[in-house]
> 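What follows is a single structure, and I will ask about it in a moment.
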Amino acid sequence: MDWGNVTVEDLVDALREVDWSSPPRPLSEFFSRFTVPKSLAKWDSRLKCNLYYYRTNYFIMIVFILGLGFLTRPLAILSSLLTALSVAFLNDSFAGSFSEKATRTIRRFSPPLAAKMRPPLTPVIRGRPSAKRAIYICGQPRWVFVLIFSLVSFALWYISCGLFTVSLALLIGLLATVLHASLRTPNLKARLNTFREEFRAVWRNYSEI
């Protein structure tokens, strides 16, 4: 994949659709080789490639830095977790996996309630869905959960007065992420991984024709 031709919107769409349940890359690989990019174009390509390939490592690193900043504010920790969940619900894979596990757990205690949590069926015309499949969480549209978790987390942020703390910790985490992604030289595994994702994207577009 030529990451120099990948726009920010394409990168965001790829991160939304990718499976985030994969384990993080080993630390020996994460802190392996660092070089300064020789041009702005190579820096742009390297930054996008590393953000995609080390996405789980960066997420864990940012959460860890936020956790260090919230050691004296327990309520802010809860609000940050709710904020992280509201953002994670925007990822298709995470939303579907969360809905499936929640429905499976509720089915053990109340099968009728679990049956009501099934997403509505998408009409099929000539063997194809009539519209793009919408994402549902526990039988409700995804935006309902995103809105609820965002409002609750915002209220907790206001009560805990931890907005400055999270802003500073988040800024440090983002700067550390950009610095690592800019200096970490993409290895062969990163390039092969992006080639595989490019094949999946092409195959998905072909199947929708």
Side-chain angles (χ1 to χ4, degrees), residues 1-73 76-95 97-98 146 149-150 153 157 162-201:
M1 177 182 290
D2 185 4
W3 287 96
N5 297 327
V6 176
T7 63
V8 177
E9 295 180 356
D10 294 335
L11 179 62
V12 172
D13 291 339
L15 292 175
R16 281 189 56 187
E17 298 178 0
V18 77
D19 185 11
W20 282 76
S21 61
S22 58
R25 309 296 175 182
L27 293 179
S28 58
E29 177 185 347
F30 189 65
F31 296 104
S32 178
R33 182 185 178 189
F34 296 92
T35 57
V36 178
K38 298 181 180 180
S39 64
L40 183 61
K42 290 185 177 181
W43 170 80
D44 180 69
S45 178
R46 175 186 297 188
L47 181 67
K48 296 172 183 176
C49 180
N50 286 331
L51 286 176
Y52 183 85
Y53 183 69
Y54 294 109
R55 56 188 179 274
T56 307
N57 297 72
Y58 294 143
F59 179 78
I60 295 175
M61 182 174 64
I62 293 176
V63 171
F64 178 76
I65 295 176
L66 289 174
L68 292 179
F70 293 148
L71 290 178
T72 59
R73 297 179 181 271
I77 297 178
L78 178 60
S79 58
S80 63
L81 291 176
L82 293 178
T83 302
L85 274 177
S86 62
V87 175
F89 282 145
L90 299 177
N91 178 260
D92 297 347
S93 176
F94 180 85
S97 177
F98 178 88
V146 174
F149 277 75
S150 299
S153 62
W157 282 125
L163 189 58
F164 175 77
T165 303
V166 70
S167 300
L168 181 60
L170 185 60
L171 178 61
I172 296 175
L174 292 178
L175 288 178
T177 298
V178 173
L179 182 63
H180 180 277
S182 301
L183 300 179
R184 176 65 173 91
T185 305
N187 53 15
L188 181 60
K189 296 170 74 174
R191 295 187 178 95
L192 291 177
N193 183 270
T194 55
F195 287 150
R196 182 177 58 191
E197 295 300 332
E198 181 185 26
F199 173 78
R200 291 179 179 177

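The figures that follow rest on heavy atoms only: side chains count, while hydrogens, waters and symmetry mates do not. This structure is a prediction, so every number in the text was calculated from the model and none was measured.
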> Which residues pass the side-chain contact (heavy atoms from CB on, under 4.5 Å) test with Leu175, not counting sequence neighbours?
Leu171
> Got more than 12 heavy atoms from elsewhere within 6.0 Å of CZ, Phe64?
no
> Excluding sequence neighbours, so at least two apart, what forms side-chain hydrogen bond (donor to acceptor under 3.5 Å, both in side chains) with Ser97?
none
> Which heavy-atom pair separates Ala181 from Asn50 by the least distance, and what is that distance?
O-ND2, 2.8 Å
> What closest approach, in Å, do Ser182 and Val178 show between heavy atoms, and which atom pair accounts for it?
OG-O, 2.6 Å
> To the nearest 0.5 Å, what is the distance between CE on Met61 and CG on Leu174?
9.0 Å
> Evaluate Glu29 against Tyr54 for side chain to side chain contact (heavy atoms under 4.5 Å, CB included), listing each step before the verdict.
CA-CA 10 Å; Glu29 177 185 347; Tyr54 294 109; 3.6 Å; yes
> Minimum heavy-atom separation for Val146 and Leu90, please, with both atom names.
CG2-CD2, 4.1 Å
> Output all residues satisfying side-chain hydrogen bond (donor to acceptor under 3.5 Å, both in side chains) with Thr35, sequence neighbours left out; order by chain, then residue number.
Arg46, Thr185
> Side-chain contact test, heavy atoms from C-beta onward, threshold under 4.5 Å: evaluate it for Leu51 versus Thr177 and give yes or no.
yes
> Work out which heavy atom in Pro24 is nearest to a heavy atom in Ile60; give both atom names and the distance.
CG-CD1, 3.8 Å
> Roughly how far, to the nearest 0.5 Å, is CZ of Phe94 from CZ of Phe89?
5.5 Å
> Can you measure from CZ (Phe30) to CG (Leu27) and round to the nearest 0.5 angstrom?
8.0 Å
> Is it true that a side-chain atom of Ser45 and a backbone atom of Ala41 form a donor plus acceptor pair closer than 3.5 Å?
no
> Looking at Leu82, Leu85, Val87, Leu78, which hits side chain to side chain contact (heavy atoms under 4.5 Å, CB included) with Ser153?
Leu82
> Enumerate the side-chain hydrogen bond (donor to acceptor under 3.5 Å, both in side chains) contacts for residues 57-68, please, sequence neighbours excluded, ordered by first and then second residue.
Tyr58-His180
> Centre of Tyr53's six-membered ring, under 6.0 Å away, within 45 degrees of the axis: is that where NZ or CZ of Arg55 sits?
no
> Check side-chain contact (heavy atoms from CB on, under 4.5 Å) between Ser32 and all other residues, then give those that pass, not counting sequence neighbours.
Arg184
> Which pairs count as side-chain hydrogen bond (donor to acceptor under 3.5 Å, both in side chains) when at least one residue sits in residues 59-69, sequence neighbours excluded?
none
